[in-house]
Chemist: 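Quick one: this structure, given as structure tokens, is what I'll be asking you about.
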Amino acid sequence: MVERRMETRRKLPPLPNAVEGNVVTRLPPEPSGYMHIGHALSGLVNYLYKEMYGGKVWLRFEDTDPRKVRAEYYDSYRDGYRWAGIRWDYEKNNSDDMELFYQNAKRLIEEGKAYACNCSREVVRRLRSEGLPCVHRSQTVDVNLELWDGMLEGRYSEGEISLRLVGDMSSANTTLRDPVIMRVVEAPHPLKGERYRVWPTYDYAVSIEDAICGVTHVLRTSEFMLRDELQNLIRGYLHMPNPTFVEYERFEFEGTPVSRREIRSLIERGLVSGWDDPRLATIVSIRRRGIVPKALKEFAERYVALTQSRKVYSWDLLYAINRKCVDDLTPRMFFVKDPVKLKLEGLGEFDVELPLHPTGRLGQRRLRVSEELYVQQDDLRSIGEGGKVRLKHLCNVTLRSISDKLAEGAAELGPPEPGLRVIQWVPVNEAVDVRVLIPGPLLKPDGTFNELSLQVEGGVAERSVDSLEVGAHVQFERFGYCVKDKLPMTFVYSHR
RNA sequence: GCUCCGGUAGUAUAGUCCGGUCAAGUAUGCGGGCCUCUCGAGCCCGAGACCCGGGUUCAAAUCCCGGCCGGAGCACCA
């Protein structure tokens, strides 16, 4: 146990400013879409560091845009994080703290750090890009207070007014140019209904939340880099402590879109079957494809670097780890693609017991063998007439004739003859028709849709697959690891 | 366009801060071999990289300058 801890510790680089026993991190999803592998990896980073040093981790939903947030997605993240093996210590929603945002807004106004602005969206945008203040910036505190009250009382409709922070209109960091911190949104919130019409913006909400949650380390992707300064400024005004920021590039995977917009478009065009299409990288997809949580965690420890260089991981890196996680626990069974009937005269009918795993540790399965077996077309062809082959765990065979539909041979029971190719087989009367979906890169290197991204192999499997539950792993020998899918008689290929 | 940030083998990284031990380590992938009643696992061997150009220095992957390439941000989204 101690040994293991040390090992984990060696894997992730040390965290700056970390105090043993007091590292507080957070999982900050916006519940506006399905969780994907990038969120899981980022979540894992936050969780693993908290585990490494000791401390707490928050699950905090960043749900302050009522128009984007949907109730169903909260659970997508809870389920996803839980599945990834992340256990959080506290949970809250930013939308739970509206009164707090209001109080602090008032305080900022009173201290001359915020003002109510009646400029239109377009004017705000233009002046910000030009680095120029608007007339409202110099309003008195009393006027601002009155306008703010008016906002809260519902005297203004959406777009008519906003509360802006007094920042630095000429800063090179444009986020600092008097950003809007509170605005009117006339849309119901999935959790709060119509109770509020004035909502905080991201930077304002997150600054306050990170401080009151006692977050010591913000580990996030680098599109937020420019916001550090702004968020620190807000906390400075409010006399709140700042966390340490560690920012890193997004985690992407070869040939796999991450943006929700892109995925939605693929779904709408009918190019993928839905959010759980096995070619996607949503959590539901990678589960369906057979990625196990342990593998994801080890991947995070071994391959994730908190650097700002662009990362596009090869799926092979994940597959290799996954294969090792799954190998010892996964039963072996026979699947024959492109099956051809092989008649072995005089073989008779009898039961055989085959090990479910090469180590023998997973027990046996029983098959009733008769004279007719299915074997793979390409195996027969490469062995050829007159050639010999070993049917694994069954018999040696001399092939007498081969045609497209039927082959014939002579069986010789007993131990394997050295040097023969060993192939899998399925008794004709024990065969079930199955298909295997093989997900590949959804996008070509140029970013366009890959027409060949989903291959389907048809064939027969031994009847034992009936006993597998949906979601169970199986290794089809000489084919690859697969997962029994929710679709009938279907398996999804994981990897070799 | 403006502002940031990056660039080590196919991929992901270690090394870069504090120049030499780096003719560059690891994993994966690839090639070959061994082993195995799977094309899986395991073992062994091999090929494969410091973006380019200058400069500083006895010495540069590491420091400086310029270029090229890539990414991000520039919302009353998060």
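In what follows, every chain begins at residue 1, and chains take the letters A, B, ... in the order their sequences are listed.
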Chemist: Looking for any heavy atom pair under 4.0 Å, which part of the strands does V304(A) touch: base, sugar-phosphate only, or nothing?
Modeler: nothing
Chemist: Taking OP1 and OP2 of A78(B), is either one under 4.0 Å from a side-chain nitrogen or oxygen of K68(A)?
Modeler: no
Chemist: Can you tell me the pairing partner of U57(B) across any strand shown, Watson-Crick or G-U wobble, with both distances under 3.5 angstrom?
Modeler: none
Chemist: Could you check whether the side chain of Q475(A) and the base of U38(B) have a donor-acceptor pair of N or O atoms closer than 3.5 Å, going by distance alone?
Modeler: yes
Chemist: Quick check with a 6.0 Å cut-off and a 45 degree axis cone: is K92(A) positioned over the face of W58(A)'s six-membered ring?
Modeler: yes
Chemist: What nucleic acid atoms does C119(A) come within less than 4.0 Å of, heavy atoms only: base, sugar-phosphate, or nothing?
Modeler: base
Chemist: Return whichever of V422(A) or E122(A) has its heavy-atom-nearest nucleotide of RNA chain B closer to the 5' end.
Modeler: V422(A)
Chemist: Would you say A75(B) has OP1 or OP2 under 4.0 Å from some side-chain N or O of T201(A)?
Modeler: no
Chemist: For the CD atom on E194(A), are there more than 12 heavy atoms of other groups (residues, nucleotides or ligands in this structure) within a distance under 6.0 Å?
Modeler: no
Chemist: G40(B), OP1 or OP2 - any side-chain N/O from K324(A) closer than 4.0 Å?
Modeler: no
Chemist: Give a yes/no answer on whether the side chain of R332(A) brings an N or O atom under 4.0 Å of OP1 or OP2 in C39(B).
Modeler: no
Chemist: Tell me the partner of G25(B), counting only Watson-Crick (N1-N3 plus N6-O4 or O6-N4) or G-U wobble (N1-O2 and O6-N3) with both under 3.5 Å; none if nothing fits.
Modeler: U13(B)
Chemist: Between Y77(A) and Y34(A), does the ring centroid distance fall short of 6.0 Å?
Modeler: no
Chemist: Is the NZ or CZ atom of R264(A) positioned over W275(A)'s six-membered ring, under 6.0 angstrom from the centre and within 45° of the axis?
Modeler: no
Chemist: What is the nucleic acid contact for K392(A), judged by heavy atoms within less than 4.0 Å: base, sugar-phosphate only, or nothing?
Modeler: base
Chemist: In whole Å, what separates the P atom of U57(B) from that of G19(B)?
Modeler: 16 Å
Chemist: For R60(A), which of D97(A), D210(A), N93(A) qualifies under side chain to side chain donor-acceptor pair (under 3.5 Å)?
Modeler: D210(A)
Chemist: Going by atom types alone, do S129(A) and R177(A) pair a side-chain donor with an acceptor below 3.5 Å?
Modeler: no
Chemist: If the cut-off is 4.0 Å, is R323(A) near the phosphate of A41(B), judged by side-chain N/O to OP1 or OP2?
Modeler: yes
Chemist: Judged by each residue's nearest nucleotide on RNA chain B, which is more toward the 5′ side, A172(A) or S222(A)?
Modeler: A172(A)
Chemist: Using the C1' atom on both, measure A9(B) against C22(B) and round to a whole Å.
Modeler: 15 Å
Chemist: With a 3.5 Å limit on both atom pairs, tell me what C37(B) is paired to, counting Watson-Crick and G-U wobble, or say none.
Modeler: none
Chemist: Can you check the distance between C4(B) and C65(B), where both ends of the measurement are the P atom (answer in whole Å)?
Modeler: 14 Å
Chemist: Mark yes or no for a side-chain to base donor-acceptor pair under 3.5 Å between R496(A) and C39(B), with no hydrogen or angle criteria applied.
Modeler: no
Chemist: Quick one: look up who U3(B) pairs with, Watson-Crick or G-U, both distances under 3.5 Å, and put none if it's unpaired.
Modeler: A72(B)
Chemist: In whole angstrom, give me the gap between the P atoms of G73(B) and C52(B).
Modeler: 29 Å
Chemist: What integer distance in Å separates Y319(A):OH from G40(B):C1'?
Modeler: 16 Å
Chemist: When the C1' atoms of A14(B) and G32(B) are compared, how many Å lie between them, rounded to an integer?
Modeler: 28 Å
